[in-house]
Chemist: 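Structure provided below as structure tokens; questions to follow.
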Amino acid sequence: MIRAVESEQHASAPVLAAYSYCEAVTGQQARNFAYGIRLLPTPKRRAMSALYAFSRRVDDIGDGALADEVKVARLQDTRALLDRIRDGAVEDDDTDPVAVALTHAARAFPIPLGGLDELIDGVLMDVRGESYETWDDLKVYCRCVAGAIGRLSLGVFGTEPGARGAERAPEYADTLGLALQLTNILRDVREDAEGGRTYLPSDDLAKFGCSAGFHGPTPPEGSDFAGLVHFEVRRARALFAEGYQLLPMLDRRSGACVAAMAGIYRRLLDRIEREPEAVLRGRVSLPGREKAYVAVRGLSGLDTRHVTRQTLRRRA
């Protein structure tokens with residue numbers, strides 16, 4: 001069982017200001033994520049914002065226009081900062097609000113900060129321009145940049161006392177992260193190609209005649225692009241189905257948060273499946289009203305009850 005232990009210590013004015021900064025970053029940069037965490041109680045919402053703001057800093061280094069050697073140096077500096085956070089060496093009056101907020105969050109909750117080391121490792125893979133021959137190869141990357149975020153988030157959420165199978169909660173959180181990341185990869189296939197990156201396994205690209213890559217609003221000539229997308233969608237759906245087994249292990253509001261975030265991405269997956277070539281023309285997204293519906297559905301517990309029934313049927 002993983003318990004989230006919220007600190008009762010008073011949060012100083014600088015700490016509260018640091019959390020406010022992190023929440024502003026989250027609201028501006030990660031609308032889907034922000035939609036989900038608004039369902040959490042304040043201490044958990046703040047901690048999740050601190051995690052996001054640090055993660056965003058790492059991602060921005062990898063995605064920026066700096067020379068590769070500068071990116072590597074910046075990532076090394078960020079890892080050194082993470083070591084200071086892990087050692088509790090960041091004071092409330094430090095000039096870095098993200099470090100201040102994350103230090104406080106790590107004292108309040110059992111957050112496995114090593115997951116942020118994994119994120120840095122994953123971004124270094126991007127900087128090195130690594131490509132992936134098989135799904136097993138790509139999974140290593142996805143676990144670094146997304147599965148680790150699932151496990152970090154579980155440190156904030158915790159599991160309910162007596163939850164059946166809670167020892168597997170980190171595994172399910174990791175798998176759900178993989179599902180979200182694969183959905184991201186499908187959604188951003190054209191954008192990534194323009195940035196010189198290809199994430200889909202080369203084995204899969206070859207199987208569907210897409211090895212030439214994606215450099216315009218139409219698929220490569222003679223390819224079965226729809227077949228490729230549908231193949232990857234099925235893989236993502238299987239990951240969602242496994243990862244959703246986390247939901248019954250969480251308290252109501254944490255479960256609602258996870259269900260909302262995952263639900264938004266599952267609906268993105270539905271849209272991509274219905275119109276595969278849309279991802280080559282621009283970013284596929286959901287309107288605000290649909291996100292709101294997903295959030296309400298998560299808060300109502302519908303998804304959690306559905307997963308619980310499915311799990312019980314499998315065990316019967």
Side-chain angles (χ1 to χ4, degrees), residues 2 30 32-33 36 48 51-52 54-63 71-72 75-76 78-79 82 86 102 106 110-157 159 165-189 192 197-205 231-247 249-250 257-258 261-262 264-266 268-269:
I2 301 170
N32 290 345
F33 186 82
M48 291 294 289
L51 278 173
Y52 175 82
F54 189 95
S55 301
R56 182 72 192 197
R57 178 178 297 180
V58 174
D59 285 341
D60 284 348
I61 293 171
D63 291 337
K71 290 182 179 182
V72 170
L75 290 168
Q76 290 172 338
T78 306
R79 200 188 296 274
L82 179 58
R86 191 166 16 233
L102 187 55
I111 300 172
L113 292 175
L116 292 171
D117 281 302
E118 293 180 57
L119 174 62
I120 293 171
D121 292 340
V123 173
L124 282 168
M125 294 167 76
D126 279 336
V127 173
R128 292 193 295 265
E130 293 195 17
S131 57
Y132 309 97
E133 184 174 350
T134 68
W135 167 238
D136 284 341
D137 296 333
L138 180 59
K139 273 197 295 189
V140 174
Y141 170 77
C142 291
R143 285 212 157 94
C144 285
V145 299
I149 302 301
R151 287 177 266 118
L152 286 158
S153 301
L154 183 62
V156 176
F157 297 145
T159 54
E167 70 279 357
R168 297 191 65 183
E171 173 190 338
Y172 294 139
D174 183 280
T175 300
L176 204 51
L178 264 64
L180 269 60
Q181 185 62 24
L182 183 53
T183 304
N184 269 335
I185 288 171
L186 286 172
R187 181 192 64 183
D188 297 339
V189 66
D192 289 333
R197 294 176 181 170
T198 301
Y199 290 102
L200 291 174
S202 57
D203 279 0
D204 295 350
L205 296 176
F231 178 79
E232 303 297 349
V233 165
R234 287 193 296 274
R235 176 176 278 155
R237 288 196 191 286
L239 292 168
F240 273 116
E242 182 179 350
Y244 258 52
Q245 294 181 71
L246 176 66
L247 292 181
M249 302 175 185
L250 305 177
C257 171
V258 173
M261 287 190 287
I264 287 170
Y265 278 84
R266 286 185 70 181
L268 282 174
L269 205 60

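Just so you know, these numbers use all the heavy atoms, side chains as well, and skip hydrogens, waters and symmetry mates.
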Chemist: Measuring from Gln245:CD to Glu171:CD, what's the distance to the nearest 0.5 Å?
Modeler: 8.5 Å
Chemist: Side-chain contact, heavy-atom cut-off 4.5 Å: Leu247 with Val258?
Modeler: yes
Chemist: Between Lys139 and Asp136, does any NZ, NE, NH1 or NH2 come within less than 4.0 Å of an OD or OE carboxylate oxygen?
Modeler: yes
Chemist: Can you give me the closest heavy-atom contact between Ala146 and Gln181, atom names plus distance?
Modeler: CB-CB, 3.5 Å
Chemist: Between Arg79 and Leu75, is there a side-chain heavy-atom distance shorter than 4.5 Å?
Modeler: no
Chemist: Looking only at heavy atoms, what is the nearest atom pair of Gly122 and Val145, with distance?
Modeler: CA-CG1, 3.8 Å
Chemist: For the CG atom of Leu113 and the CG atom of Leu119, what is their distance to the nearest 0.5 Å?
Modeler: 12.0 Å
Chemist: Just how far is it from atom OG1 of Thr198 to atom CG of Asp192, taken to the nearest 0.5 Å?
Modeler: 8.0 Å
Chemist: Of all the heavy-atom pairs spanning Ile185 and Cys142, show the shortest one and how long it is.
Modeler: CD1-SG, 4.2 Å
Chemist: Quick one: does Leu116's side chain get under 4.5 Å of Val58's, heavy atoms only?
Modeler: no
Chemist: I want to check something: taking the side chain as every heavy atom from C-beta on, are Glu242 and Leu178 in contact at a cut-off of under 4.5 Å?
Modeler: no
Chemist: Given side chains that start at C-beta, do those of Leu180 and Phe240 come closer than 4.5 Å, heavy atoms only?
Modeler: yes
Chemist: How long is the gap from CD on Glu232 to CG on Leu205, to the nearest 0.5 Å?
Modeler: 8.0 Å
Chemist: Do you know which two heavy atoms are closest between Pro112 and Gly155, and how far apart they sit?
Modeler: CD-CA, 4.2 Å
Chemist: Take Arg197 and Asp63 through the test salt bridge (charged side-chain N to carboxylate O under 4.0 Å, His left out) and record every step on the way to the result.
Modeler: CA-CA 11 Å; Arg197 294 176 181 170; Asp63 291 337; 2.9 Å; yes
Chemist: Taking atom OH of Tyr132 and atom CG of Leu138, what is their separation to the nearest 0.5 Å?
Modeler: 7.0 Å
Chemist: Would a 4.5 Å heavy-atom cut-off, applied to side chains only, mark Glu130 and Tyr141 as touching?
Modeler: no
Chemist: Working to the nearest 0.5 Å, report the span between CZ of Arg143 and CZ of Arg151.
Modeler: 8.0 Å
Chemist: For a 4.5 angstrom cut-off between non-hydrogen side-chain atoms, does Tyr265 reach Asn184?
Modeler: yes
Chemist: Could you report the tightest heavy-atom contact between Pro170 and Leu154, atom names first, then the distance?
Modeler: N-CD2, 3.5 Å
Chemist: Identify the two heavy atoms, one from Ala179 and one from Thr183, that lie closest to each other, and give their separation to 0.1 Å.
Modeler: O-OG1, 2.9 Å
Chemist: If we ignore hydrogens and angles and just use 3.5 Å, is the side chain of Asp137 paired with the main-chain N or O of Thr134 as donor and acceptor?
Modeler: yes
Chemist: Side chains of Asp126 and Tyr199: do they bring a donor and an acceptor to under 3.5 Å?
Modeler: yes
Chemist: Between Trp135 and Asp203, does a side chain to side chain contact (heavy atoms under 4.5 Å, CB included) hold up when you go through it step by step?
Modeler: CA-CA 8 Å; Trp135 167 238; Asp203 279 0; over 6 Å; no
